[in-house]
Amino acid sequence: MTNSNLKILKDLNPSQKQAVLNLSGPSLIIAGAGAGKTKTLTYKVINLIANKIEPSSIVVLTFTNKAALEMKDRIQKLLKTKNLPFIGTFHGFALKILRVEAKNLGYKKNFSIFDEGESITLVKKAINNLNLANFRNSANSVYKKISFYKNKGVDNENYLPASLKDIYLEYEKLLLEHNAFDFDNLILKTLEILKKYPEILKKYQKKYSYFLIDEFQDTNSPQYQLIKLLASKNKNITVVGDDWQSIYGFRSADYRILLNFQKDWPQAKIFFLEQNYRSTQNILDASYSVISKNIFRTDKKLFTTNGKGELIKVLKFKDEREEALWIKEQIIKKLKSGKSLNDFAILFRTNVQSRVFEDLLISEKIPYQLIGAFKFYQRKEIQDIVSYLRYIYNPNDKISLERIINIPKRKIGESTIKILKDNDWNFEVLKNKPVFKQLENFNFLIRKLESASRELPMSSFLTFIIDSLNYKNYLDITTEEGLERWQNIKELIGIAYNFDRFSPKEGFENFLESISLLQEADNFDKNANKLTLMTLHSAKGLEFPIIFIPGVEESLIPHEKSLYNQENLEEERRLFYVGMTRAKQELYLTYAEERFLNGEYRHNEPSRFLDEIDENLKENFDITEVELDYEQKIEYF
DNA sequence: AGAAGATAGCTTTTT
DNA sequence: GCTATCTTCT
């Protein structure tokens, strides 16, 4: 063991240290909320490298790109080396293999990755091809169902409900025709290749000998199958997770994979990380008294040296407006006593709940950030330009072609597009029509852009496209909307600058890859002096000194769609647990007697989860009888 | 090609 | 009851 390595170990508690020192063989690290999961994983990677394990043979898998970036940062700082392991998402890792091996399944190497929107368009096409009139308006839900089944990891389409099977098969056929993968197929097709070609499997088993997986409780079956296969030779697989925090069952994540880990890997060593560094003892005890009502779980008891802290505050309001007003007042009061806006987060079960807070915060001019609201890459103007890139890169991508052929307007109308669609986009069929001139011009433009793609660095190439299209003019920046869209385009160019260090060809490929996989610009900025609003789901992995959870009511949390099913109910409880354990110092749980929801006033009972908190850990307040004085002018901002 | 009319869906969300 | 999306009308 090296000296630098010893120095690092001093930062760890005994159980973390044991987990980090255990280098080879299967290992399961069950870690509670705030117990230093990611830190332990990061240090284990560093320890592996310190023990002369070749970085390129190590694969670290995280739940999001953002988590991957953060870990990369941490490792780079501690190691001061450029030679890093693969650190990324399952999808990113699968893509790395597919770039080399997709040809085995009949894909060309310039394949595309279809995002959700493009995939839905393709499902629509499948439905039209099959003439299934009663599915005409349900491409969205059909796509979601297909995706759910794919993620279950059932590799036989006969398991699909009969009504979906035909659409599924047609959709898969279309994907191949478009030379494209949807998100799910990145994983599934990689798995298929490794199963089908033993020599390819061997190659990657040799190449990658250490696997470490974060947030293992939210892994789904195909993802696990993929890593299980690759790790089966060397058996160096480390997983870190907390079954109590598994909250993505609705998209086929399965925490039982974590609970069954020892069955699959009988030699596995188990480590429990139970010391919490985040919250007060009261918050830990209160959240434990809730989560302990779940039957399907491991048992562990978290502790902290942080002291008892304040009691959990449970408050009752007349309606959601009063609830929001009170929370806002409370925040302002605390700001005056020295807290700052980024000490607070308001966490809710459903996105619609953010509305009442947004209205209030806007009128009071309180700066806030709403996480997961508008998605940069789903904006029309971004998709327009990205579709040009995709079509230039992969001419089989007719979904992108259809999107751009008349943007900006070039007099290629609906009827023309219909004819082209019916003829596999063969422009020649319109040879004798006046519109053919327009089509030829379009082809000429694409050829011009394509040759530019081979010569220019990424940001210049992008600027060249935008100029050639006269896109700024098309957006009409004299309108407020147009100006905002133009600013988004400039942001896209800004992102492209990061790819200028590559050759034109590589830069283009990497840029496309990164905007396909990095859907959400990570818009949460913990340093911004803003109040944070987000769903309980997006709060996973984060922490704040003071947490408000509004709407702690039956039919919100637990959500009404999960009330009558034990499995779903337990997931709701875990979700609530995740919310509670985000708090470092203070936790406010609020509910209203009446709430405007789905167009009607509804009366909800207080959530059963409130009853599950031990009486001696909470204080109840009834604010329905108190006259609130909201008129006082706030001069704070 | 854009506006008006019709209809579905309405929990959570990353890739 | 609101909104996003698709269809049909002008």
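In the text below, chain A, chain B and the rest are named by the order of the sequence lines, each starting its count at 1.
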Could you run down the sub-3.5 Å N/O contacts of the protein with nucleotides 4-11 of chain B?
{"unit_1": "dT11(B)", "atom_1": "OP1", "unit_2": "K561(A)", "atom_2": "NZ", "d": "2.4"}
{"unit_1": "dT11(B)", "atom_1": "OP2", "unit_2": "K561(A)", "atom_2": "NZ", "d": "3.4"}
{"unit_1": "dT11(B)", "atom_1": "O4'", "unit_2": "H559(A)", "atom_2": "NE2", "d": "3.1"}
{"unit_1": "dT11(B)", "atom_1": "O2", "unit_2": "R349(A)", "atom_2": "NH1", "d": "3.0"}
{"unit_1": "dT11(B)", "atom_1": "O2", "unit_2": "R349(A)", "atom_2": "NH2", "d": "2.1"}

*If we ignore angles and hydrogens, is there a donor and acceptor under 3.5 Å between the side chains of K144(A) and N140(A)?*
yes
_For dC6(C) and K124(A) - does any side-chain N or O of the residue sit under 4.0 Å from the phosphate oxygens OP1/OP2?_
yes
Protein-nucleotide distance ([X], atom [atom1]; [N], atom [atom2]), rounded to Å:
X: Q223(A); N: dT15(B); atom1: CD; atom2: C1'; result: 9 Å
X: M534(A); N: dT13(B); atom1: CE; atom2: P; result: 11 Å
X: K125(A); N: dC6(C); atom1: NZ; atom2: C1'; result: 19 Å
X: L569(A); N: dT12(B); atom1: CG; atom2: P; result: 18 Å
X: R251(A); N: dT12(B); atom1: CZ; atom2: C1'; result: 9 Å
X: D184(A); N: dT14(B); atom1: CG; atom2: C1'; result: 11 Å
X: N140(A); N: dT5(C); atom1: CG; atom2: C1'; result: 10 Å
X: Q217(A); N: dT14(B); atom1: CD; atom2: C1'; result: 14 Å

_Touch class at under 4.0 angstrom, heavy-atom based, for Y248(A) against every strand present_ = sugar-phosphate
*Rounding to the closest angstrom, what is the interatomic distance between dC2(C) and dT13(B) at atom P?*
23 Å
*P spacing across the pair dT12(B) / dT3(C), given as an integer number of angstrom*: 15 Å
*Mind checking what makes salt bridge (Lys or Arg N to Asp or Glu O under 4.0 Å) contact with E381(A), not counting sequence neighbours?*
R379(A), R485(A)
_Just to verify, which of R99(A), R390(A), K96(A) counts as forming a salt bridge (charged side-chain N to carboxylate O under 4.0 Å, His left out) with E513(A)?_
R99(A)
*Picking from E323(A), E605(A), E554(A), what satisfies salt bridge (charged side-chain N to carboxylate O under 4.0 Å, His left out) with R595(A)?*
E323(A)
*Where each residue is assigned the nucleotide of DNA chain B containing its nearest heavy atom, which of K411(A) and F63(A) is assigned the position nearer the 5′ end?*
K411(A)
*Validation row, ring centre H537(A) to ring centre F250(A) under 6.0 Å*: yes
*asked:* For K293(A), is the NZ atom crowded, meaning more than 12 foreign heavy atoms sit under 6.0 Å from it?
replied: yes
_Pairs touching residues 562-571 of chain A that satisfy salt bridge (charged side-chain N to carboxylate O under 4.0 Å, His left out), sequence neighbours left out_ = E571(A)-R574(A)
_Can you pull out every salt bridge (charged side-chain N to carboxylate O under 4.0 Å, His left out) where at least one residue sits in residues 218-230 of chain A? Sequence neighbours excluded, please._
D218(A)-K540(A), K228(A)-D264(A)
For nucleotides 2-4 of chain C, give me every protein contact, N/O to N/O, under 3.5 Å, one pair per line with atom names.
{"unit_1": "dT3(C)", "atom_1": "OP1", "unit_2": "R355(A)", "atom_2": "NH2", "d": "3.3"}

*Using the test side chain to side chain contact (heavy atoms under 4.5 Å, CB included), find all partners of A583(A) that sit at least two apart in sequence or belong to another chain.*
I283(A), I547(A), L587(A)
